[in-house]
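Residue indices begin at 1 and follow the sequence shown. Note that the coordinates shown come from a computational prediction; the quantities given were computed from them, not determined experimentally. Whatever order the structure lists ligands and atoms in, that order sets their numbers, starting from 1.
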Amino acid sequence: MTAYDPNNIFAKILRGELPSYKVYEDDKAFAFLDIMPRAPGHTLVLPKAPARNILDVPTGDLAHVATIAQKVAKAQMNVFGADGVTVQQFNESAGGQVVFHLHVHVIPRKSGVAMKPPASEKEKPDVLAEHAKKLAAALS
Ligand code: 5GP
């Protein structure tokens, strides 16, 4: 497998070199909004430690990311009045992965509303800021 690239976009976000709409942070995990959400509130949960994907992540970091993804999903149900939550995680290009720092997609869903295609439309900054504020408050 290809080695972890410390210059991937999410590594830069984790180091604070690029901005993000943060919703949650602890010593081992970081969560922020996807800037091209497949549905309002689409969140990405990452381990802080370098990991390319599920194939190289230490099991403890993977378990912690799953725990935080669950917290985010529960908060999204309230904050976005969701009827359900879709959780996705892609590995290597063949598996649909585009950014090579492990991340779990947590996407609030409404009954009968299809998700937008991946990376189809950038959300407006004020909308992302508002969603991040509400979700962060529910997770604090
Ligand atoms: P993957 O296919 O690797 O699981 O998904 C990568 C995700 O990252 C996509 O959903 C895409 O919209 C999102 N994304 C790409 N660039 C950025 C960025 O600069 N900031 C944020 N917050 N999300 C990004």
Result block: side-chain N/O donor-acceptor pairs under 3.5 angstrom for residues 114-126, not counting sequence neighbours:
from   : atom 1 : to     : atom 2 : distance (Å)
Lys116 : NZ     : Glu121 : OE1    : 3.3
Ser120 : OG     : Pro117 : O      : 3.0

I'd like the atom pairs linking ligand 1 to the protein - N or O on both sides, separation under 3.5 Å - with distances to 0.1 Å.
from     : atom 1 : to     : atom 2 : distance (Å)
ligand 1 : 2 (O)  : Gly96  : O      : 2.9
ligand 1 : 2 (O)  : Val98  : N      : 3.3
ligand 1 : 3 (O)  : Val98  : N      : 2.7
ligand 1 : 3 (O)  : Val99  : N      : 2.9
ligand 1 : 3 (O)  : His103 : NE2    : 3.0
ligand 1 : 4 (O)  : His103 : NE2    : 2.6
ligand 1 : 4 (O)  : His105 : NE2    : 2.7
ligand 1 : 5 (O)  : His103 : NE2    : 3.3
ligand 1 : 5 (O)  : His105 : NE2    : 3.4
ligand 1 : 10 (O) : Asp34  : OD2    : 2.4
ligand 1 : 12 (O) : Asp34  : OD1    : 2.6
ligand 1 : 12 (O) : Asp34  : OD2    : 3.3
ligand 1 : 22 (N) : Leu33  : O      : 2.9

* His103-His105 aromatic ring centre distance below 6.0 Å -> yes
* Is the charged tip of Arg52 near the ring of Phe100: under 6.0 Å from the six-membered ring centre and within 45° of its axis? -> yes
* To do: Under the side-chain hydrogen bond (donor to acceptor under 3.5 Å, both in side chains) rule, what do Gln76 and Asn78 come out as? Steps first, then yes or no, please.
  => CA-CA 5 Å; Gln76 286 175 337; Asn78 293 325; over 6 Å; no
* Do the ring planes of Phe10 and Phe32 sit parallel (below 30°), tilted (30 to 60°) or perpendicular (above 60°)? -> perpendicular
* Taking all heavy atoms of Tyr4 and all of Pro50, pick out the closest pair and write down the distance. => CE2-CB, 3.5 Å
